[in-house]
Q: 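Here it is, the structure in full.
Each chain gets a letter, A, B and so on, in the order the sequences are listed, and its residues count up from 1. All values below come from the heavy atoms of this structure, side chains included, with hydrogens, waters and symmetry mates left out.
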Amino acid sequence: MSRDTIYEELKRRALEALSKPAPYGVDIDVEQLVNYTPKRRVTILSERERVKQVGIDVSSKTRSAYFYQVDSRIEAYGSLVSGVEILPLEQAIEERWDEVRKYFWRLIPVDMDKYTAVTFLKSSGGCYIRVKKNTRVDLPIQTCFLLSGGTQFVHNIVVVEEGAEATIVTGCTIAPEEMGLHIGITEIYLERKAKLVDVMIHSWNRVTHVRPRTAVVLDDDAVYASYYINMSVTKSLQSLPKVYARGVNSRVYSATIILGLGESVHDIGSIAELSGEHSRAELVSKVVARDRSKITTRLRISSLAPKTSGYVECRGLLLSETSSITTIPELEASHSDAELFHEASIGKLRDDEIEYLMIKGFSYEEAISMLIRGFVDIELKYLPPQVEKALQSVLDVLAKKSV
Amino acid sequence: MLRIERVAVAVEGRIVVKRASLELRRGEVNLLLGPNGSGKSSLLNAVMGHPKYVVVAGKVLLDGNDITHLNPEARVRLGLALAVQHPPRIRGVRVGKLLEKLVLRRVKSVQEAMKEVQNIAKLLNISHLLDRDLGVGFSGGEMKRIELASLMALRPRIALIDEPDSGVDVDSVLLIAEAIEEMMSMGTQSILIVTHTGLIAKHVKHHRAYVMVDGEIVAEGSSERILPMVLEHGFSAVVSCAVKRDE
């Protein structure tokens with residue numbers, strides 16, 4: 001099929017899905033937001049401190065590649081190491097269609113819902129990252145998506161070739177008090193023995209809607225570890241990334257950490273579909289709800305092949321009487337030797353723990369912050385040291401913001 | 001240094017300490033003896049300003065200043081610290097991190113704090129617990145040693161230690177005793193140890209003892225005199241003998 005034919009077919013399907021709501025989350029009037037004009041246009045440099053809060057230090061020397069986009073404008077991109085290619089997706093489509101076509105809207109159906117459809121039809125940026133065979137990059141690849149306000153429809157494709165290893169740190173944020181809609185479509189392909197650590201840190205505002213759509217496919221012995229953190233008030237966030245562990249002995253780890261503030265409505269989770277023999281998934285969510293926020297977490301593992309195993313952990317912490325948390329752990333097995341477990345809990349901070357820390361000399365606020373920091377503590381073994389340190393700092397900030 | 005004057009303590013409206021007076025002097029290790037449920041832990045918690053233990057009568061004076069209504073944070077800043085009897089299990093709060101934060105209340109450098117935590121951990125044989133969640137899966141002895149470590153991290157002027165010898169093995173008691181001696185050499189000026197078995201007293205040099213029964217201090221005096229009496233005849237004997245306050 002020619003590129004035009006593929007585009008025509010995608011366009012037809014997208015147009016048909018333009019009114020199709022997502023099965024979960026608040027339904028949004030996209031058109032209203034498309035017509036919104038922000039009060040001022042920001043740049044990565046003007047918002048240097050803001051993007052730093054989402055893990056992007058633009059002055060950092062500790063990066064292997066970078067891609068910075070503001071609204072639909074790509075401000076800078078480049079690779080600092082051989083073996084990692086990074087370029088705007090539109091450029092990759094123009095210059096390497098035969099390569100890109102294998103990945104373009106292959107994992108995520110363009111007509112999944114109105115958000116995928118509008119992203120195809122009004123696509124405004126995104127990157128194409130390729131980590132070449134057996135390349136092992138210690139320093140992270142930084143990608144940053146900043147929004148002045150209005151809409152941002154981003155499509156990213158990531159390919160990690162056989163035996164390659166990389167870490168991507170993505171920070172997404174918006175100017176304060178600007179209405180916005182951020183949709184990020186990300187299709188990730190991990191070839192045999194590839195490893196990708198995917199860290200995403202979001203910080204939005206009380207009038208922004210966010211609809212990431214992510215899908216990942218793993219070949220034999222591939223490893224995918226995802227860390228998603230949202231630490232600010234958000235009008236609404238809905239996302240349910242899907243990981244297809246198709247390869248034998250492939251590994252999936254996903255940690256989702258959400259701080260619900262104000263009137264935020266979050267519906268978030270992840271799905272791991274284990275169709276490769278001996279594949280394994282561990283999905284963890286730790287959510288903290290304060291004020292009048294509402295959080296729903298959905299974690300699902302499907303064991304579709306022999307000797308697959310998985311673990312789901314959903315933890316919720318309620319900090320106010322007016323917030324709410326719903327956790328939905330789901331396990332599905334179609335083989336008798338599948339081993340699947342789940343744990344789920346929702347609770348509040350215990351008085352005896354707060355009081356214990358207080359009599360050790362911490363203030364009430366410090367005690368709460370320490371306990372929340374402890375609550376959101378997660379397994380960081382997949383992260384390279386410098387990213388681990390940065391993520392620890394982000395979690396420290398999250399804990400302080402929750403008080 | 002620390003004077004507790006006719007203090008009564010209530011927990012959720014119920015009086016748990018009726019009347020307690022005692023004094024901690026510079027350079028002394030004092031014992032607070034008493035049967036289970038006599039109010040010893042409640043008194044210590046009230047002295048620390050624990051929000052649930054409310055002083056409803058009397059005063060707590062530190063260096064002559066009334067600290068009865070100060071919050072715990074301020075009391076720690078003034079040099080008071082408590083090793084509790086039953087610390088909670090706290091998932092996600094690592095022992096090492098907690099100790100480091102306590103040390104950082106008096107030193108500025110994180111590296112210096114980490115080094116000090118290592119030294120404390122070595123002394124109390126808890127190095128293997130530093131990366132673990134507080135109290136989760138720990139033995140009784142390990143919990144007590146970590147509590148002592150938290151005191152050493154704070155380096156208080158006055159340390160209150162609640163039942164360091166209950167439910168622990170002999171090795172732990174010896175380590176705790178060593179830590180108490182070390183604290184005194186590192187600047188802690190006065191220590192009050194709550195014990196109902198007296199086990200720790202065999203390994204720590206002590207000076208005075210108070211006996212608390214049914215929410216009241218019923219006897220006080222030289223620990224050399226009171227402790228053998230309690231261990232030999234029990235607390236009820238001390239009460240019936242109505243030991244006169246000898247000082």
Q: Is it the side chain or the backbone of I90(B) that comes within 4.5 Å of chain A heavy atoms, both, or neither?
A: both

Q: Who among M48(B), R105(B), R94(B) has the most heavy-atom pairs with chain A under 4.5 Å?
A: R105(B)

Q: Answer with side chain, backbone, both or neither: which region of F362(A) has an atom nearer than 4.5 Å to a non-hydrogen atom of chain B?
A: both

Q: Checking I378(A) against chain B: side chain, backbone, both or neither under 4.5 Å from a heavy atom?
A: neither

Q: Heavy-atom distances under 4.5 Å only: say whether P87(B) touches chain A with side chain, backbone, both or neither.
A: both

Q: Does E147(B) pair with K360(A) as a salt bridge, N-O distance under 4.0 Å?
A: yes

Q: For L80(B), which atoms come within 4.5 Å of any heavy atom of chain A: side chain, backbone, both, or neither?
A: neither

Q: If you measure from CD on E216(B) to OG on S38(B), what distance do you get to the nearest 0.5 Å?
A: 11.5 Å

Q: Count the heavy-atom pairs under 4.5 Å between each of M358(A), R350(A), E355(A) and chain B, then report the option with the highest count.
A: E355(A)

Q: Under a plain distance cut-off of 3.5 Å, with no hydrogens placed, do D291(A) and S320(A) share a side-chain donor-acceptor pair?
A: no

Q: With side chains defined as the heavy atoms from C-beta onward, is the minimum distance between I257(A) and V287(A) less than 4.5 Å?
A: no

Q: In Å and rounded to the nearest 0.5 Å, what is the CG to NZ distance from L259(A) to K286(A)?
A: 14.5 Å

Q: Which answer fits D133(B), side chain, backbone, both or neither, if we ask what part of it has an atom under 4.5 Å from a heavy atom of chain A?
A: neither

Q: Hey, is CE on M114(B) packed in by over 12 heavy atoms from elsewhere, all under 6.0 Å?
A: no

